[in-house]
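Order of appearance sets the numbers: ligands from 1, and atoms from 1 within every ligand.
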Amino acid sequence: MRIKQLLLIVAMTSATFAMAQNNDVDQRVEDLLSQMTLEEKIGQMNQLSGGYQYTEMIKAGQVGSVLNIVDPVEINAIQRAAVEQSRLGIPLLVSRDVIHGFRTIFPIPIGLAATFDPALVEQGARVAAIEATASGVRWTFSPMLDVARDPRWGRVAEGSGEDPYLDVQMGVAMVKGYQGDNYADPTSMAACIKHFVGYGAAEGGRDYNTTMISERALRNTYFPAFKACVDAGALTLMTSFNDVDGIPSTGNNWLLRDILREEWGFDGMVVTDWNSSGEMIAHGFAEDLKDATKISINAGVDMDMMSWGYIQHVKALVEEGKISMDTIDNAVRNILKLKFRLGLFENPYVDESLARKVAYAPEHLAAAKQTAIESAILLQNNNSTLPLTKGSTILVTGPMADAPYDQLGTWAFDGEEQYTVTPLKALGAHFNVINAPTLTYSRDKSTASFKAAQKAAKKADAIVVFVGEEAILSGEAHSLSDINLQGAQSELIAAMKATGKPVVVVVIAGRPLTIERDMQNCDAMLYSFHPGTMGGEALADLIAGVAVPSGKTPMTFLRDAGQAPFYYNHPMTGRPNNGTETLLYDIPLKAGQTSLGCTSYYLDTGYGPHLPFGYGLSYTTFEYSNVKIDKAVYGAEDTIVIEYDLTNSGKYDATEVAQIYVRDLVGSVVRPVKELKGFERITLKAGETKHCRYELNVSELAYWNRDMEYVVEPGKFQLWVAGDSASGTALDFEVR
Ligand code: NOJ
């Protein structure tokens, strides 16, 4: 009782303290705002890329933020120009795309999602914040929350994949990790949730392209992670390049004012994407830069990234009455508030010797390695080929075996390849390695070296082929229509298979590639989204069985790019697969028009994808039994108590990601086939059985219905507990 009271007092005191702090910040913002000229206000709204070259503009109060500088000496120098030489001494906000680590590079975000381990992802974001803030970077443009269902889109590398629930878990973890417990702590880095909104739904997976997303789909699929991160205290948000139903996000009042500010109560700062205000001209949505500036500010943008429109046109727009002074003041309030919250007025400078001291700290490398281990997905392991026997002789080949730059992945500006541990380097700790260089990069088409590698393989017990994608083949502006392995990589795998030795393929890539035929040419396949600095050690440990794979696919793997977009949680169709699919070469000549079953599938690739969402094997086997829920009928306020036994029935201690899926059988609008509603990582010793319990609130079954209300609709549901989205036996229940 006493402890409870004490906790209550502590809770109340910290709440009161936070409120007092906010009031204090608000007061300071108002005091400062009242002293500012219109020109100084406009300056705060202007973000430019670079540092020293803007020193004079900074002194004149014409720059509020900079991006893309990371040298603490340069950062301090321009900060001094702002703090000591501008009239009001308002500090600059220094930003950078710190997307999956700063110096110590973690797996790319889709690889982070594959861990299904939010706590670990939060830890990685904290490491990134510690390293980046030591250089003076206090704002990162991460996490990217764009739900993405088309692997042709290069930026699937940067997000958490196709599922809104996983997206929420990963996004919130990153926000917490970057921002820490106290915004004003010098190691706290403001997060920027992006790209608001729908950017991941680019038509055909072509980057920057148009999207057509209904309000209901926005609310059910594309908004949840943004809303959850707003609730988690994300300090900033970035608008997206794309239009949604004809309105570019950077000029969309409904999104930026009605939804973000009014409905969600976001009190942070909104920035454009790089020149996304100016790009409204190319969209044919604004006449010129002045018009674009007017549209974006009136829509609710606070800060402009690199269109230069604000600094050039806002003054005239205000004087002409096209933007009100109130609108400007509110934007500047949001910017100043952020700077006060981050403690920049108290702590504008950085200790210039700190950055190199904290970069690649042993605990950072350990966290990066653990994350790379957890993010690797075992897709195939015929005859328990993996792990390979320690001390045996292995032939190592393929373009990604020793590609220190490429294994860092996209958006690793500040990762230094000389710190990268490649698989080739790391495997030597466990095996006798025969290095057989073949393809030199992933697009290499030269097969000249294959014969020599086949010959060298004679001395090996097994072959490990590292294939995949160079870093440059995924990420922004790197969409592909063909997502097979590039160059002669498939031929290399086939050539190695022809030796008759056991072949392990390790794919290191930025997206889920179409690797079905390659899987047929190997005994085991490990899939690692670009794993970062410590990827080599992580993969070597997995190959040697020092670590056991536990990653799961955060996106559906396709048979062929022509199936995209393809995602497990698609809406139910009127013609689902009923097991009657007839494939292309099985169709008899002159078959009748309706003889093929008339269900929703491709004649060439069939109904299903190659691998489902949530899929991943282990060196052990897991069995689910006694899966049950506590009732048959629930009320809207109830909690569903799910119980099951999980058995590790194999020979390795290992971790399983148990997943909980639900289907709402009948809705006022068509509902998804299945939806992920929960997951947990469960570690079991070989032979161990654990009785597991998971509580799911019925309120989590709510969705935006026909009347655009967020409700749990009464009716029948099904629930699965399984190791992936395509397994398990349905349990029935009802909500009344
Ligand atoms: C454009 C990208 O779309 C965005 O994600 C990034 O943060 C900015 N450029 C800044 O580099």
| remark: Those residues at least two apart in sequence (or on a different chain) that pass side chain to side chain donor-acceptor pair (under 3.5 Å) with Thr187 are Arg126, Asp185

| query | Under a 4.0 Å heavy-atom cut-off, which residues neighbour ligand 1? | reply |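 Ligand 1 pocket, heavy atoms under 4.0 Å: Leu67, Asp97, Phe141, Arg155, Lys194, His195, Met238, Phe241, Asp273, Trp274, Met305, Trp411, Glu476.
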
| query | Just wondering, more than 12 heavy atoms not from Lys176 lying within 6.0 Å of its NZ? | reply | no

| note | Contacts satisfying side-chain hydrogen bond (donor to acceptor under 3.5 Å, both in side chains) that involve residues 132-141 (not counting sequence neighbours) are Trp139-Thr236

| request: Can you tell me which residue pairs pass the ring-ring contact (aromatic ring centres under 6.0 Å, His included) test with a partner in residues 92-118, sequence neighbours excluded? | output: Phe116-Phe679

| message | Using side-chain heavy atoms (C-beta onward) and a distance below 4.5 Å, is Leu256 in contact with Phe196? | response |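 Leu256 reaches Phe196 side chain to side chain.
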
| said: Check this for me, if you would: do Asp414 and Arg96 make a salt bridge, where the nitrogen-to-carboxylate-oxygen distance has to be below 4.0 angstrom? | reply: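 A salt bridge links Asp414 with Arg96.
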
